[in-house]
Amino acid sequence: MNKIEAIIKPFKLDEVKDALNKIGVNGMTINEVKGFGRQRGHKEIYRGAEYQVDFVPKVKIDVVVDSALVNEVVEAISKSANTGKIGDGKIFVLPVAEAVRIRTGETGKSAI
Amino acid sequence: MNKIEAIIKPFKLDEVKDALNKIGVNGMTINEVKGFGRQRGHKEIYRGAEYQVDFVPKVKIDVVVDSALVNEVVEAISKSANTGKIGDGKIFVLPVAEAVRIRTGETGKSAI
Amino acid sequence: MNKIEAIIKPFKLDEVKDALNKIGVNGMTINEVKGFGRQRGHKEIYRGAEYQVDFVPKVKIDVVVDSALVNEVVEAISKSANTGKIGDGKIFVLPVAEAVRIRTGETGKSAI
Amino acid sequence: MKTFIISGLLILISAVGAWADDKIPTVLSNKEAIALVQTHADYVWTLVAAALVFFMQAGFAMVEAGFTRAKNAINIMMKNLMDFSMGSIAFWAVGFGLMFGVSKAGWFGTSGFFLSDFTPGGDPWVLAFWMFQVVFAATAATIVSGAMAERTKFSGYLIYSFFISALIYPVFGSWAWGGLYKGGGWLEHLGFIDFAGSTVVHSVGGWAALAGAIVLGPRLGKYGKDGKVRPILGHNMPLAALGVFILWLGWFGFNPGSTTAANKDIAMIFVNTNLAAAAGCVLAMFTSWMKFGKPEVGMSLNGALAGLVAITSPCATVTPMSAIIIGAAAGVIVVLAVLFFDRIRIDDPVGAISVHGVCGAWGTLAAGIFNIGGTSLKIIGVQLLGIGACFLWVFPSAFLLFKLIDVTIGLRVSPEEELEGLDFAEHGGNAYPDFEISHAGGVGTPEGHGFLKTKPASEKMLGKPVEQT
Amino acid sequence: MKTFIISGLLILISAVGAWADDKIPTVLSNKEAIALVQTHADYVWTLVAAALVFFMQAGFAMVEAGFTRAKNAINIMMKNLMDFSMGSIAFWAVGFGLMFGVSKAGWFGTSGFFLSDFTPGGDPWVLAFWMFQVVFAATAATIVSGAMAERTKFSGYLIYSFFISALIYPVFGSWAWGGLYKGGGWLEHLGFIDFAGSTVVHSVGGWAALAGAIVLGPRLGKYGKDGKVRPILGHNMPLAALGVFILWLGWFGFNPGSTTAANKDIAMIFVNTNLAAAAGCVLAMFTSWMKFGKPEVGMSLNGALAGLVAITSPCATVTPMSAIIIGAAAGVIVVLAVLFFDRIRIDDPVGAISVHGVCGAWGTLAAGIFNIGGTSLKIIGVQLLGIGACFLWVFPSAFLLFKLIDVTIGLRVSPEEELEGLDFAEHGGNAYPDFEISHAGGVGTPEGHGFLKTKPASEKMLGKPVEQT
Amino acid sequence: MKTFIISGLLILISAVGAWADDKIPTVLSNKEAIALVQTHADYVWTLVAAALVFFMQAGFAMVEAGFTRAKNAINIMMKNLMDFSMGSIAFWAVGFGLMFGVSKAGWFGTSGFFLSDFTPGGDPWVLAFWMFQVVFAATAATIVSGAMAERTKFSGYLIYSFFISALIYPVFGSWAWGGLYKGGGWLEHLGFIDFAGSTVVHSVGGWAALAGAIVLGPRLGKYGKDGKVRPILGHNMPLAALGVFILWLGWFGFNPGSTTAANKDIAMIFVNTNLAAAAGCVLAMFTSWMKFGKPEVGMSLNGALAGLVAITSPCATVTPMSAIIIGAAAGVIVVLAVLFFDRIRIDDPVGAISVHGVCGAWGTLAAGIFNIGGTSLKIIGVQLLGIGACFLWVFPSAFLLFKLIDVTIGLRVSPEEELEGLDFAEHGGNAYPDFEISHAGGVGTPEGHGFLKTKPASEKMLGKPVEQT
Ligand SMILES: Nc1ncnc2c1ncn2[C@@H]1O[C@H](COP(=O)(O)OP(=O)(O)O)[C@@H](O)[C@H]1O
Ligand SMILES: Nc1ncnc2c1ncn2[C@@H]1O[C@H](COP(=O)(O)OP(=O)(O)O)[C@@H](O)[C@H]1O
Ligand SMILES: Nc1ncnc2c1ncn2[C@@H]1O[C@H](COP(=O)(O)OP(=O)(O)O)[C@@H](O)[C@H]1O
């Protein structure tokens with residue numbers, strides 16, 4: 001199994017989610033994060049002082065799938081999250097040794 | 001070493017934490033996340049329009065332990081987090097190559 | 001490639017970020033988390049009742065780099081995040097199988 | 001001889017009392033003194049009421065901010081501040097003269113600009129009266145900002161804000177209320193009843209809001225295909241509720257203060273105002289309960305305001321029992337109206353059109369129907385005429401104004417700016433920097449349960465809309 | 001002879017009555033005119049004061065929301081809205097008649113329901129008086145919602161809210177205040193002093209709150225084994241503080257307004273009200289500092305309210321110096337009372353029982369002890385009798401009412417709904433959708449530092465409670 | 001015959017009416033009665049105005065909390081509560097006597113401590129007057145807390161708060177206003193114009209704030225090398241805006257109430273107050289727009305306050321047109337002043353020094369320049385003398401006071417406590433426990449976009465400061 005971590009632009013979340021649903025991935029965990037990278041934050045003003053906000057709000061999607069599905073999932077995410085503009089984000093694939101469904105105790109593929 | 005990521009129901013956090021303490025695991029990092037899966041969100045109303053909230057609030061627990069302890073930890077979590085109802089969550093086990101305690105620079109088992 | 005997860009004291013974030021920039025790492029993802037460990041939370045009072053807050057606010061930094069850079073990165077983080085006091089945090093190194101830049105579809109090192 | 005004695009007596013007496021000022025009091029001087037004390041009471045009451053009405057600006061700001069998203073909170077504060085600040089200047093320079101200046105034809109006033117009717121040392125009543133009227137003008141102006149929230153360009157809004165206080169509001173006002181000062185309008189000559197302004201203030205604001213919402217179009221993502229409605233959640237309900245309580249308080253200046261005199265009439269006006277608001281709130285809650293299965297807070301809050309708007313016109317000329325009926329009806333009407341405007345895809349984030357436009361019209365009609373002195377087809381006819389005249393003047397002129405702004409400097413921000421949020425895009429700020437903002441299923445800025453897409457019309461969304469019945 | 005005729009004439013003219021400008025003024029017509037101006041001043045003052053007291057509803061809503069969890073904020077707004085809205089209707093229909101109607105036996109009034117004492121054209125004083133009284137009735141009602149927060153079923157609460165405004169409050173009120181209008185109660189006949197209602201309003205609310213908190217039981221997770229207390233944190237301290245400032249402001253209507261007349265007495269009442277509040281706030285802060293090692297905000301805020309409640313009864317009949325003493329004592333009492341009720345496991349999220357019940361009783365007693373005209377065992381005896389009578393009427397009747405609601409439609413939500421939060425469970429809403437909510441160690445809904453468990457009594461928790469001393 | 005006439009008179013009179021009390025009215029008794037009714041109106045107006053001014057405390061608390069960080073919100077509520085509560089006690093015991101007591105030399109009063117001028121049964125005017133004055137004293141005190149926010153030790157602050165209300169404010173006040181009661185100061189004898197206290201209240205607060213900010217030094221991380229400014233963001237803009245609306249409302253008591261009489265003068269004072277605030281708000285917005293490229297909310301809010309502070313002194317003695325000019329100038333001045341104090345590294349989180357100190361001085365000068373009765377070098381000279389005297393008394397004495405506190409119990413918290421936040425460090429609490437707090441680039445406590453470092457002076461930061469022009 002593998003864990004796919006995708007860091008995307010927040011307003012792309014719905015599309016990515018739908019893309020994953022289409023290929024049969026219904027479970028995922030999402031998380032609000034702050035990104036630093038090529039895409040810069042913006043300037044803001046407060047009571048007369050200007051300042052630079054470096055981070056950009058991003059959403060991180062964690063999805064664990066059977067290794068066989070990894071390419072398909074990566075594919076689906078990169079397609080749906082792509083705007084072609086800087087800051088689209090990254091997808092990282094990590095190995096997963098084991099998975100357990102707490103409710104049933106099932107392990108392995110059947111757990112996800 | 002391994003990293004155990006457990007996604008649980010928020011109100012189970014205290015119990016899981018206590019269960020981990022019991023088996024000698026005192027360090028962990030927790031994180032508020034939003035989950036998608038079999039368990040669905042609920043309907044809400046706002047000024048006359050009804051809508052579906054798909055995600056469910058969850059808490060993610062990261063705990064890194066020596067590989068020898070993994071089974072025990074997974075055991076402890078799945079027991080304490082279990083309610084038998086849909087949405088109890090998942091436990092994922094990931095390999096960890098190295099760990100460092102920033103304060104002392106210790107590495108490996110002694111770092112965690 | 002590897003993913004380095006560093007859990008640090010929030011007010012150290014800027015320094016760590018600068019240290020990473022210095023060694024040429026400009027991309028990272030940060031996240032607000034709550035930590036449990038040796039460093040304890042503090043006592044608070046509310047309308048006459050005193051209570052213990054166990055968790056400590058922490059910031060988690062995820063940075064994915066080429067394996068060759070791992071030591072340098074770990075080094076940079078532990079130096080810049082260190083105060084010598086309990087609660088400085090941990091650094092975990094995880095293997096990463098693949099990385100993709102969504103915008104370009106680049107994979108591997110060039111994606112990060 | 002007698003006279004001597006008497007006058008002698010008076011002199012002695014007046015010499016006695018420490019209280020006595022040099023003048024010897026007479027029946028006539030006392031009569032004047034009494035009138036003066038009454039005048040002082042009138043000033044105090046009128047100005048205290050004006051202060052309460054001013055405070056409604058805070059109420060509008062809180063309601064509007066509470067019912068919209070965190071990413072636009074600064075913009076809403078700025079609009080409300082400017083509605084009142086620029087509006088005060090505009091009404092001082094132009095509006096007051098148009099509304100209350102000498103009006104030959106009865107269509108608008110032509111004197112008293114820049115408060116020129118006041119001369120130092122002269123009778124300051126014009127100042128007390130202006131103070132009471134300026135807070136009314138600002139109320140009409142600020143009503144509109146709610147319906148145009150979360151997508152209007154700030155610079156364009158400022159232009160609009162100036163013109164409603166300087167032109168649109170005063171002209172209609174002169175038709176119905178000009179006679180309260182030096183003017184005299186055709187509508188009031190027909191016997192139009194609008195004691196505190198269900199039509200003059202609230203419908204004017206409501207119909208201008210309607211024009212604004214139509215010209216702007218809905219917020220990105222508000223409506224899906226097939227008229228499906230995607231709620232865009234307000235970000236702070238306690239703030240919205242605080243706003244309603246503040247508005248309710250302000251209405252105790254708005255309605256009874258419209259006597260601009262300290263007299264016994266204010267008692268019934270207070271009671272009617274309160275009972276109508278209470279009835280509107282209760283009925284709106286039960287209506288929402290029946291329609292949606294739960295007592296919904298947004299509708300309940302709108303219901304209280306609906307009752308207040310509706311009783312504004314009849315407050316001085318109906319019985320408390322009638323006030324309850326009028327308010328209760330408004331509570332039901334406002335719920336249906338909010339759903340109606342959503343169904344015809346007019347996006348009004350706070351329900352301003354329903355609360356002020358529709359319920360303002362209802363209240364004005366009710367003033368005729370429930371008139372304590374009895375009603376007649378003629379009375380009702382005149383009320384309907386006033387309601388119609390208001391719509392026919394305000395809607396087209398506001399529509400034109402917004403269109404003109406749109407084609408010149410622009411009325412709406414770009415989609416990117418709207419997604420980013422007006423606080424950053426228009427004001428370079430952040431209303432809540434210490435708080436983690438949730439984007440769940442939303443866009444790159446505070447979003448509530450976010451339903452926005454890059455392609456607004458797209459059907460993909462996190463929150464599945466449910467067909468309304 | 002001439003003089004006779006003339007004076008006779010004048011007298012006759014004035015006998016005709018209400019002077020008009022065209023009439024020749026006379027000494028008598030002037031006297032009537034003076035009385036009329038004074039009456040106008042009385043109306044203005046009474047109604048402005050009523051507006052200030054109305055605003056206290058906003059204060060209660062903010063304090064209560066601030067001292068409870070984000071997941072219940074909508075529910076609290078709804079309860080406070082309905083306390084006032086349904087309460088206004090109930091007091092109009094039933095309450096006012098019971099409290100101020102003609103009362104033969106002195107136990108309750110039997111006339112004036114539906115404001116039937118007012119006839120168009122007749123003396124509107126009954127309306128001004130009703131307006132001032134209805135805001136008092138609503139105050140008593142809304143006090144209770146604080147103690148019952150975060151676990152009460154909304155439908156059950158509505159029933160209660162109706163009955164306290166329609167029955168429980170008015171009946172006791174008729175005993176002490178009926179004589180202010182057409183009634184006359186046994187308690188006032190004994191000389192009971194309760195100028196603005198430490199007992200009539202606040203203790204009534206406080207003892208009803210006590211009954212409600214007992215019948216409901218504590219919130220899930222509030223108390224551990226061995227009486228350990230687990231604080232459930234209020235989610236918004238600035239909101240709570242704003243509420244206290246609003247309440248303090250409202251009290252400047254509550255106490256001085258109780259003269260229902262524009263006269264010089266209001267000066268001392270203002271000063272006493274302010275000094276007692278200040279002293280209560282300062283003393284509560286220092287008490288919390290001594291007991292907990294830090295000056296605690298919740299207690300300081302309660303302390304100001306405690307001082308205000310305590311001075312409500314004696315405000316018109318004690319010296320400023322006494323007011324400071326009364327307020328200071330209340331500031332200490334309220335801290336001890338809050339700790340006491342926690343120790344006996346009566347869960348009052350906002351401290352309503354301590355602030356309004358206990359300090360209301362203290363203030364009523366203090367009115368006897370510090371009476372500016374001197375005190376006596378008899379005076380103090382009557383005060384104690386009134387305090388006792390209030391408890392003996394309110395607590396049992398409220399207890400019964402809550403029990404009846406509990407066994408019929410139910411008074412408390414299910415544990416699941418309580419964990420989920422009343423905003424969703426009861427109103428299908430979300431008070432703060434744009435903000436990330438923290439569940440640290442808590443339940444699946446906004447939780448502050450969350451101390452809840454699936455098994456409430458369980459000892460496992462994130463925040464370890466500390467035995468109180 | 002005569003007797004017949006008289007008795008006839010009596011019969012007729014008593015026959016006349018319900019209104020008649022046993023005394024036979026006379027021209028003289030009527031004159032007294034008229035004076036009494038006017039007195040009642042004066043009491044009502046003065047005390048209603050006092051209530052509005054009291055409410056400004058809530059406004060200050062909200063503005064200050066909104067403009068600072070979430071981690072210090074409780075501390076700010078506590079300081080504002082105590083400014084008013086301890087201030088009330090201090091002014092009752094000492095301040096009032098110093099300010100308004102009999103003053104031989106014209107430097108300070110020496111009678112009337114502990115409200116000893118009031119005797120039960122005696123004339124209560126001293127109480128009404130005290131009530132109006134105590135809210136002014138508390139205003140001066142609370143101004144300071146804004147400039148000292150986020151780093152001041154609570155215990156040290158309490159000491160300061162007591163002394164400004166008991167000593168610093170009253171002494172200067174006695175110079176300018178002592179004659180309003182029993183005193184008489186050298187400044188008023190020279191003809192110094194400060195109707196409602198631009199100098200007496202606002203500059204006093206502003207210069208004390210300046211002293212406090214200097215003694216404390218800037219907040220950690222506020223200034224980088226080379227005078228670079230690192231904004232520390234306010235955490236809640238809607239709260240700050242609400243505060244400004246509340247202050248604006250309160251000013252309708254502050255300025256017109258300063259007549260302490262119900263008369264026609266209040267009309268022009270209302271109008272001037274409102275127009276100056278509006279002009280200040282508009283001009284500050286446009287100034288910020290020009291300087292920063294966007295209309296900035298913080299400056300716009302400060303602008304409204306600047307206009308209000310500036311018009312406080314001249315409100316009764318300038319034309320509405322002048323009021324607009326005075327307010328507009330204040331709107332520009334305040335923006336420049338805020339930037340100036342940042343440039344000289346005096347850290348004033350809310351802009352209190354600029355708004356109250358600088359604009360207070362401007363308003364006092366303007367009262368001389370725009371004087372409706374004409375101006376002269378002498379008039380302007382006296383105004384300047386008053387402005388200077390205020391600074392020379394307040395700044396040194398406050399500076400000394402703060403230094404004394406600093407060297408004894410300490411004025412500033414430790415860097416650790418400052419990073420942790422005063423809410424926890426000083427009060428053991430948490431203002432927003434249910435909300436996830438963002439530390440992005442910040443310290444271990446709520447931080448907004450956090451610019452703090454362990455080494456404050458360090459250049460490393462998340463938000464790169466931009467050189468100001
Ligand atoms: N090396 C990295 N490790 C972890 N996260 C990264 C890394 N580089 C970038 N990111 C994340 O990806 C986001 C997008 O990257 P960025 O360089 O801004 O644009 P692009 O995706 O076009 O390369 C960043 O905001 C950050 O959250
Ligand atoms: N494939 C997955 N990858 C990552 N997280 C998942 C995955 N599937 C489920 N989850 C997480 O686990 C939670 C519970 O899963 P769900 O299917 O709702 O119930 P159950 O745990 O009973 O299977 C989800 O809310 C989500 O946060
Ligand atoms: N085994 C672990 N797994 C995951 N996170 C951990 C673990 N142990 C500690 N942490 C994280 O590291 C932080 C610091 O650890 P702590 O024991 O408090 O101090 P130190 O870093 O000095 O050992 C904790 O707050 C927690 O967030």
Side-chain angles (χ1 to χ4, degrees), chain C residues 3-18 20 26-64 77 81-83 85-92 94 102, chain E residues 66-68 222-224 227-235 237 240 284 287-289 291-303 334-343 347-351 354-355 436 438-442 448-451 461-469:
Chain C
K3 179 184 179 203
I4 291 126
E5 292 189 6
I7 294 141
I8 64 168
K9 288 179 169 169
F11 68 85
K12 278 295 198 176
L13 176 58
D14 295 344
E15 277 170 83
V16 172
K17 196 174 140 291
D18 296 332
L20 289 171
N26 296 313
M28 67 194 79
T29 302
I30 74 164
N31 202 343
E32 315 276 337
V33 298
K34 298 189 175 67
F36 295 85
R38 279 172 195 64
Q39 183 196 2
R40 316 299 303 177
H42 51 238
K43 275 199 168 28
E44 293 186 354
I45 323 159
Y46 180 70
R47 311 194 64 249
E50 212 176 305
Y51 59 94
Q52 173 72 29
V53 180
D54 272 6
F55 68 79
V56 190
K58 300 279 174 192
V59 165
K60 174 158 162 274
I61 304 179
D62 286 0
V63 46
V64 174
I77 296 175
N82 184 298
T83 71
K85 295 214 196 67
I86 261 190
D88 276 353
K90 315 277 188 195
I91 304 170
F92 302 121
L94 285 75
I102 291 170
Chain E
F67 279 165
T68 53
K222 179 67 194 292
Y223 300 111
K228 286 187 176 169
V229 177
R230 294 163 174 167
I232 296 177
L233 305 194
H235 84 285
M237 286 306 120
T287 309
S288 70
W289 209 332
K291 284 192 82 69
F292 322 131
K294 303 223 170 173
E296 203 271 329
V297 66
M299 289 297 188
S300 306
L301 292 170
N302 276 165
V334 73
V335 175
L336 303 179
V338 166
L339 298 178
F340 169 77
F341 285 112
D342 255 351
R343 199 168 301 105
D347 181 18
D348 177 357
V350 306
S354 306
V355 168
E436 288 255 298
S438 168
H439 313 102
H449 289 66
F451 301 89
M461 61 188 296
L462 185 57
K464 290 183 190 45
V466 174
E467 196 62 57
Q468 302 186 349
T469 46

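Note on naming: letters A, B, ... go to the chains in the order of the sequence lines (proteins, then strands), and numbering restarts at 1 for each one.
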C:E50 side, atom CD; E:K294 side, atom NZ - distance, nearest 0.5 Å: 9.5 Å

Leading residue by heavy atom contact count with chain C [cutoff under 4.5 Å; candidates E:V350, E:V297, E:L301]: E:V350

Point-to-point distance, once rounded to the nearest 0.5 Å, from CG of E:N302 to CZ of C:R47: 4.5 Å

Spatial distance of atom OH (C:Y46) from atom CZ (E:F292) [nearest 0.5 Å]: 12.5 Å

Minimum-distance pair of heavy atoms, taken over all atoms of E:V229 and C:A49: CG1-CB, 4.0 Å

Residue pair E:P231 / C:E44, side-chain heavy-atom distance below 4.5 Å: no

